[in-house]
Amino acid sequence: MKLRIRYFASLREAIGYAQEDFDEPVNTVGEVRDVLLARGGAYLCLQRNKAVRTALNQAMVSEDASVHENSELAFFPPVTGG
């Protein structure tokens, strides 16, 4: 499954780049996260015990959301404003 993955804010800083192309056999957002976590290292900033949000094609989704070819998946920390 070819996807574009984007990382924002502190996740981008931890991983070291803003986006990457992803091509692994996955069906859901949770499976994408599992593949990334299995890489270890900087990707551990995506652990499930950390506050990380996901958006698929610019819509907030949960981990059971289905991914489709050429979709964009974004990971970002919660945002606060004032």
Side-chain angles (χ1 to χ4, degrees):
M1 175 83 50
K2 291 184 181 184
L3 305 170
R4 169 66 48 101
I5 299 180
R6 299 187 67 193
Y7 306 102
F8 290 92
S10 60
L11 301 178
R12 177 184 59 231
E13 292 171 16
I15 292 172
Y17 40 88
Q19 65 185 25
E20 69 176 294
D21 292 325
F22 180 91
D23 191 6
E24 298 282 342
V26 295
N27 296 305
T28 66
V29 169
E31 289 176 10
V32 173
R33 198 170 183 177
D34 290 338
V35 170
L36 296 172
L37 285 169
R39 294 178 181 177
Y43 289 96
L44 295 179
C45 68
L46 301 173
Q47 289 179 348
R48 287 180 174 86
N49 65 342
K50 299 185 186 261
V52 175
R53 305 289 187 254
T54 55
L56 185 62
N57 297 322
Q58 301 182 1
M60 298 293 293
V61 295
S62 64
E63 288 206 350
D64 61 348
S66 296
V67 293
H68 304 283
E69 193 78 18
N70 299 315
S71 291
E72 177 188 83
L73 178 62
F75 290 97
F76 53 96
V79 219
T80 60

Whichever hydrophobic residues join F76 through chains of side-chain contacts under 4.5 Å: F8, M60
Do N27 and V67 pass the side chain to side chain contact (heavy atoms under 4.5 Å, CB included) test, and can you show the C-alpha distance, the side-chain angles, and the key distance before you say yes or no? CA-CA 6 Å; N27 296 305; V67 293; 5.6 Å; no
Suppose we screen for side-chain hydrogen bond (donor to acceptor under 3.5 Å, both in side chains). Which residues come up paired with [X], at least two apart in sequence or across chains?
{"X": "D23", "answer": "none"}
{"X": "D64", "answer": "S62"}
{"X": "E72", "answer": "none"}

Determine the interplanar angle of the Y17 and Y7 rings, folded into 0 to 90°, and report it as parallel if under 30°, tilted if 30 to 60°, perpendicular if over 60°. perpendicular
Is any side-chain N of the basic residue among R39 and E20 closer than 4.0 Å to the acidic one's carboxylate O? yes
Sidechain N-carboxylate O distance under 4.0 Å for K2, D21: no
Could you report the tightest heavy-atom contact between V35 and E24, atom names first, then the distance? CG1-CG, 3.9 Å
Between S71 (side chain) and L3 (backbone), is there a donor-acceptor pair under 3.5 Å? no
Drop me the distance from [X]'s [atom1] to [Y]'s [atom2], to the nearest 0.5 angstrom.
{"X": "S66", "Y": "E31", "atom1": "OG", "atom2": "CD", "result": "9.0 Å"}
{"X": "T28", "Y": "E63", "atom1": "OG1", "atom2": "CD", "result": "7.5 Å"}
{"X": "L11", "Y": "F75", "atom1": "CG", "atom2": "CZ", "result": "9.0 Å"}

Using side chain to side chain contact (heavy atoms under 4.5 Å, CB included), reason through I15 and L36 one step at a time and then give a plain yes or no. CA-CA 11 Å; I15 292 172; L36 296 172; over 6 Å; no
Could you work out, with side-chain contact (heavy atoms from CB on, under 4.5 Å) as the rule, every residue matching [X], not counting sequence neighbours?
{"X": "A51", "answer": "R53, P78"}
{"X": "E13", "answer": "none"}
{"X": "L37", "answer": "R33, L44, L46, Q47, R48"}

I would like to know whether L73 and F22 meet side chain to side chain contact (heavy atoms under 4.5 Å, CB included); could you show each step before the answer? CA-CA 10 Å; L73 178 62; F22 180 91; over 6 Å; no
